[in-house]
Each structure stands twice: as C-alpha cells, then as structure tokens.
Amino acid sequence: THTRFSQRRKRLVEHVARLHAVQAPSGMSVYEIQGRLLRLERSVQSATRWRGEQLNRLDRAQAEAIRDLLEEASGFEGLFVRNHPSPWTGADLPDGHAVEEAMDEARALVQRWPALVTSLERLRAESGLVPVKTLAEARTQLGLLAEVSGTLALYSEELYSKRHLYELACALEPAQGGALKRFWAFISDGDYRAGLRTAGLLRHAGQARPRQLLHEITAALQQSERWKTQSAPDSFPHSTPSLEGALQAMRTADDCLAKLCPRLVCADPAQRELAALGDWIGALASDTTTPHRLPRLIAIERELAEHGVADLVGELRQTEPSPGCYADAFEHAWLASCIDLVRSENPSLAGFNGRTHDKLVAEFRRLDKERIRVASDRVRRTHAERVVTVMNANPAQETIVRREAAKKARHLPIRRLVAQASQVLTALRPCWMASPLSVSHLLPADRQLFDVVLFDEASQVLPEDAVPSLLRGGHAIVAGD
C-alpha cells in the first residue's frame with residue numbers, strides 16, 4: 001500500500017509542478033495560461049500562431065506593449081482593418097508633410113477636373129467620335145486626335161476624304177526600297193508616279209522625299225481606320241479646335257494623379273468611369289480629417305510589424321472583428337502559441353487525459369485513507385507496547401495506578417498520584433490538556449514530565465503564567481496571533 005501510495009503521490013506532485021512551473025516566454029504557468037484562455041470569449045479566437053525565435057521574442061513585456069498598440073489601433077476602427085469608406089483608407093502618409101502634399105494635390109485635382117470633363121465633351125461634339133467612358137479611353141481618343149492634328153499640319157483634310165487612301169499607300173510602296181528600286185519604279189510604274197503626284201498635291205507643308213511620303217500616308221491610313229472604329233461610318237478625320245485645351249487639361253490631371261495615386265491604395269483610376277472617378281476625386285478633397293489621422297496609424301502598424309505580429313494584423317483585416325476584440329485576439333494567439341510550445345517540449349502535459357487523472361486522484365485518496373487507518377493501528381500498537389514496557393520497569397507505580405483505578409471513592413489527589421507514578425501515568429496517557437493554572441496546581445515541578453509543551457491561542461497567555469508549563473516539558477510549540 002505504501003509503495004503504491006508513494007508512486008501515486010509522486011505522479012500527482014510532478015503533474016502539479018509541471019502545471020504551475022513558470023514557462024518562457026510568457027512568464028506564466030500552464031495553469032495561468034489555460035485560465036486566461038478560458039476567460040476569453042469564443043468570438044475572439046485567432047488562428048495565428050508563432051513559433052521558434054519569433055515566439056521567444058514575445059515575452060510578457062512585449063505582449064503588454066502589443067496589447068497597448070492594438071487597443072490604440074481599435075480607436076481607428078475601419079482605417080486599421082482597411083474597410084473604412086474614406087478613399088484615403090490605406091494611404092501611405094507617414095508624416096504631416098506627406099499629408100499636406102497629398103491634400104494639396106487632391107484639391108488641385110478636384111478644381112481642374114471639371115475643365116477636363118468639359119473639354120472632353122466639347123471635343124466629342126467637334127470630332128463626332130463616340131463618347132468615352134473611362135480616362136484610359138479618353139487618353140486613347142486624345143492620342144488619335146493629336147496624331148490627326150499632326151497629319152493635318154502637313155496635309156489638307158482632303159487626304160482623309162480620299163476613298164482610295166489605301167490604294168495611295170499601296171502605290172507608294174516602292175518608296176521603302178533602295179534608290180535603284182525607287183528609280184526603276186519611277187520610270188516603269190505609272191501608279192507610283194501618280195501616287196507621288198497626288199501626295200505632293202495634298203501636302204501643303206512643302207516637298208518631301210518618297211520614303212517620308214510613304215511613312216506619312218501609311219500613318220494617315222492607320223488613323224483613318226482607327227477613326228472609323230470610333231465614329232459614324234461617313235465620318236472622316238478632321239481638325240478639332242478644342243484639342244489643345246483638352247490635351248492641356250489631360251496633362252494637368254495626369255500630373256496630379258501621378259503624384260497622388262502612388263500614395264493611395266486604389267484601383268487604376270484610368271479604368272474607372274469618368275463619373276465615378278469624379279466622385280472619388282471629390283471624396284478625396286472633401287475628407288480633410290482622415291489624412292491627418294493616418295501618420296499615427298502608420299506608426300502603430302510599423303511598431304506592430306517590428307514586434308513580429310504582422311500575420312495577426314493580416315488576419316484581423318481578413319476577418320474584420322469588432323474593434324474592441326483586437327487585443328483579445330492577440331492574447332488568444334499568443335497564449336495558444338505558448339501552450340503549443342509547452343506541449344511540444346513536455347509530452348506529459350501534451351498527453352494529459354482528465355479521466356485518467358481523475359482515476360489516479362481517486363486511487364490516491366483511497367490509499368491515503370488506508371494509510372491513515374494502518375498508521376492509527378501502528379500508533380495504538382506502539383503505545384500499548386510502551387505501556388507494557390514502562391509497567392514492567394515500574395511495578396510499584398503500576399500497583400498504585402491499578403489500585404486507584406479500582407477505587408470508587410477516596411482517590412489520591414492528582415498531584416500526589418503524579419508524584420508517585422509519573423512514568424506509568426504518562427505512558428498510559430501521553431497527551432494531557434490543561435490550563436496554565438491547572439498545571440501549577442496538579443503537576444509537580446520537580447521533574448520533566450513531558451517531551452513537548454504546546455500552547456494554543458498563545459496571545460491570551462501571559463509570559464509569567466506560561467513559565468510553570470514550560471518547566472514541565474523539554475520543548476515548546478507556541479501557536480497564536
């Protein structure tokens with residue numbers, strides 16, 4: 001019984017030691033960690049885990065710093081998790097200077113945007129081309145009109161109205177050859193000579209070499225084909241007086257967007273519809289509060305990344321929990337990572353089974369009760385053996401005690417009985433209880449009767465009252481307030 005009891009006690013004590021040993025890097029025991037995990041709501045559970053050196057860096061002080069940062073980040077709400085309706089959400093504005101520059105560009109853009117839209121409408125009316133939907137389409141259309149304008153600077157508009165522009169380009173094809181080939185074509189190919197003559201008549205910018213004429217006519221042919229895809233069938237390329245103003249407005253808008261967009265997290269503005277793009281630009285210019293909040297938010301995010309919790313920030317942005325749960329989500333991820341580390345390093349805790357542990361505890365209790373019963377029997381036997389030994393060694397005292405025990409009256413006073421048979425009396429009754437006053441009255445002071453004198457509620461006993469009791473024992477145990 002004792003061997004099995006010792007084994008069970010050892011296993012339970014070792015389990016308790018493992019459970020309450022302080023673990024790195026948390027500075028808490030497994031018991032504390034598990035308790036804190038159980039106090040967290042299920043809604044704040046995180047799937048993020050840290051391992052190795054990354055986890056070792058997250059000690060208790062680091063964890064508190066991260067919690068403080070996440071508590072502060074919760075005040076930014078949607079800006080932190082990137083679901084805020086402001087178009088400035090996610091913008092790279094690390095300081096006040098960057099904020100001022102970005103807001104200035106947004107104000108400049110919103111002021112110049114109506115001029116661009118108006119010039120595009122006027123240009124569409126002049127050119128007869130289809131309306132553009134996006135900024136990219138507007139750029140393409142302006143590029144075509146600019147190329148047409150460049151051609152018309154050299155040729156009359158009659159060039160595009162020629163129904164056989166393709167044949168003219170084909171007739172000039174020999175011009176791309178060498179000098180001998182061009183000379184041979186000139187003396188032998190009537191179409192080539194006619195093409196040179198027609199192109200020369202249409203070109204009002206002076207004479208040009210055949211190869212240059214071919215290049216310009218080919219470009220005009222391509223412009224004409226592209227024009228047909230963006231206009232009515234009977235429309236031909238022609239000059240547009242508003243082109244230069246539209247180009248200038250587009251260049252100004254592009255300059256503003258080129259400075260502003262790299263700081264923003266947004267889809268390519270050129271692919272947005274013009275109306276939606278105008279609304280987006282207006283929202284940028286009208287929101288004068290959000291940009292000023294971003295430098296501090298960026299600093300918080302940078303500090304969180306330096307602490308090594310960028311993965312958790314990514315998870316928060318993906319799951320979008322309540323802002324008040326950010327710090328608790330980190331706590332769950334950190335504590336769960338610490339528990340995983342303990343499990344990996346301590347197989348006994350990893351393999352813990354509650355039912356098996358309960359059986360072990362139940363058996364320990366049963367064995368403990370059995371040991372108490374056995375110990376009681378041993379004490380009684382030891383006591384009996386000592387009494388017999390003392391009686392055999394002191395027969396006279398035994399006779400006195402037996403005689404007094406048989407009497408029904410006229411007993412000896414306790415003080416005289418103790419003086420005459422102290423060894424047998426203390427062997428029969430090794431434990432006595434009396435007040436300090438009773439000790440002085442009943443027990444002789446000329447010998448040491450007891451091994452230990454025990455005072456309970458010692459604060460109520462005066463030192464002078466305790467002396468008689470102390471004289472009658474070898475050791476003293478004092479208990480009290």
Side-chain angles (χ1 to χ4, degrees), residues 23-28 33 36-37 40-41 43-103 105 259-268 284 287 289-342 344:
Q23 304 289 338
S26 65
M28 294 182 286
I33 294 173
R36 289 176 65 168
L37 279 172
L40 294 173
E41 298 181 6
S43 59
V44 301
Q45 293 187 358
S46 169
T48 300
R49 296 294 182 272
W50 295 285
R51 299 286 186 264
E53 184 60 31
Q54 195 175 24
L55 177 59
N56 292 335
R57 292 172 53 198
L58 298 177
D59 57 20
R60 201 160 188 168
Q62 294 282 341
E64 288 299 326
I66 293 169
R67 280 187 62 88
D68 291 342
L69 288 171
L70 289 172
E71 290 287 356
E72 187 177 355
S74 66
F76 291 88
E77 300 177 345
L79 290 174
F80 179 66
V81 295
R82 303 295 193 263
N83 62 3
H84 195 277
S86 172
W88 293 102
T89 301
D92 181 22
L93 302 176
D95 51 46
H97 180 68
V99 170
E100 291 178 354
E101 285 187 349
M103 294 182 67
E105 292 297 337
K259 296 176 182 178
L260 188 60
C261 287
R263 296 186 178 275
L264 303 176
V265 177
C266 60
D268 183 5
L284 281 173
D287 186 357
T289 301
T290 302
H292 290 288
R293 302 180 66 195
L294 293 178
R296 177 53 190 159
L297 176 59
I298 292 173
I300 292 173
E301 293 172 347
R302 182 173 59 252
E303 290 183 52
L304 289 172
E306 291 172 354
H307 284 302
V309 295
D311 290 344
L312 175 68
V313 173
E315 181 187 359
L316 293 176
R317 288 172 178 168
Q318 183 177 3
T319 57
E320 298 182 2
S322 170
C325 297
Y326 296 167
D328 287 343
F330 163 73
E331 176 117 342
H332 180 271
W334 178 55
L335 294 177
S337 299
C338 292
I339 285 289
D340 290 347
L341 176 62
V342 172
S344 67

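Position 1 is the first residue of the sequence, and the numbers go up from there.
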When you look at Asp340 and Leu55, which way does the side chain to side chain contact (heavy atoms under 4.5 Å, CB included) test go after all the steps? CA-CA 11 Å; Asp340 290 347; Leu55 177 59; over 6 Å; no
From CA spacing to verdict: side chain to side chain contact (heavy atoms under 4.5 Å, CB included), Tyr326, Val81: CA-CA 10 Å; Tyr326 296 167; Val81 295; 3.3 Å; yes
Between Leu284 and Glu105, does a side chain to side chain contact (heavy atoms under 4.5 Å, CB included) hold up when you go through it step by step? CA-CA 10 Å; Leu284 281 173; Glu105 292 297 337; over 6 Å; no
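Looking only at side-chain heavy atoms (C-beta outward), Leu70 and Leu312 come within less than 4.5 Å of each other. Side-chain contact between Gln62 and Arg57 is absent, with no heavy-atom pair separated by less than 4.5 Å. For the pair Leu294/Val99, no side-chain contact is recorded, criterion being any heavy-atom separation below 4.5 Å from C-beta on. Annotation: side chain of Phe80 is in contact with side chain of Leu304 (closest heavy-atom distance under 4.5 Å). Residues Thr289 and Ser86 fail the side-chain proximity criterion, which asks for heavy atoms closer than 4.5 Å. With a 4.5 Å cut-off on side-chain heavy atoms, Glu315 and Ser46 count as touching.
Closest non-hydrogen pair, Gly90 versus Val265, comes out as O-CG2, 3.1 Å. Among all heavy-atom pairs drawn from Leu37 and Ala336, the shortest one is CD2-N, 4.2 Å. For the residue pair Ala65 and His307, the shortest heavy atom distance occurs at CB-NE2, 4.2 Å. Between Trp334 and Ser26 the shortest heavy-atom distance is CZ2-CA, 3.6 Å. Across every non-hydrogen atom of Ala24 and Leu341, the tightest pair is O-CD2, 3.7 Å. The shortest heavy-atom contact between Gly27 and Arg60 is O-NH1, 3.2 Å.
One distance of note links SG of Cys338 with CE of Met28; it measures 6.5 Å at 0.5 Å rounding. Between the CE atom of Met103 and the CG atom of Leu260 there is a distance of 11.0 Å, given to the nearest 0.5 Å. Taking CG from Asp287 and CH2 from Trp88, the interatomic distance works out to 8.0 Å, rounded to the nearest 0.5 Å. Atom OG of Ser74 and atom CG of Leu69 lie 11.0 Å apart (nearest 0.5 Å). Atoms CD1 and CZ, from Ile339 and Arg49 in turn, are 10.5 Å apart once rounded to the nearest 0.5 Å.
Side chain of Thr89 to main chain of His84: a donor-acceptor pair is present (N/O by atom type, distance under 3.5 Å, no hydrogens or angles). Panel note: side chain Trp50, backbone Gly308; a donor-acceptor pair is recorded below 3.5 Å.
Pairs engaging residues 74-84 under the salt bridge (charged side-chain N to carboxylate O under 4.0 Å, His left out) rule: Arg82-Glu301 [sequence neighbours left out]. Screening residues 320-333 for salt bridge (charged side-chain N to carboxylate O under 4.0 Å, His left out) gives Arg36-Glu331, Arg67-Asp328, Arg67-Glu331 as the qualifying pairs, with residues at least two apart or on separate chains.
For the side chain to side chain contact (heavy atoms under 4.5 Å, CB included) with Leu93, the lone residue among Glu100, Glu101, Arg263 that qualifies is Arg263.
A salt bridge links Arg296 with Glu303: the distance from a Lys NZ or Arg NE/NH1/NH2 to an Asp or Glu carboxylate oxygen falls below 4.0 Å.
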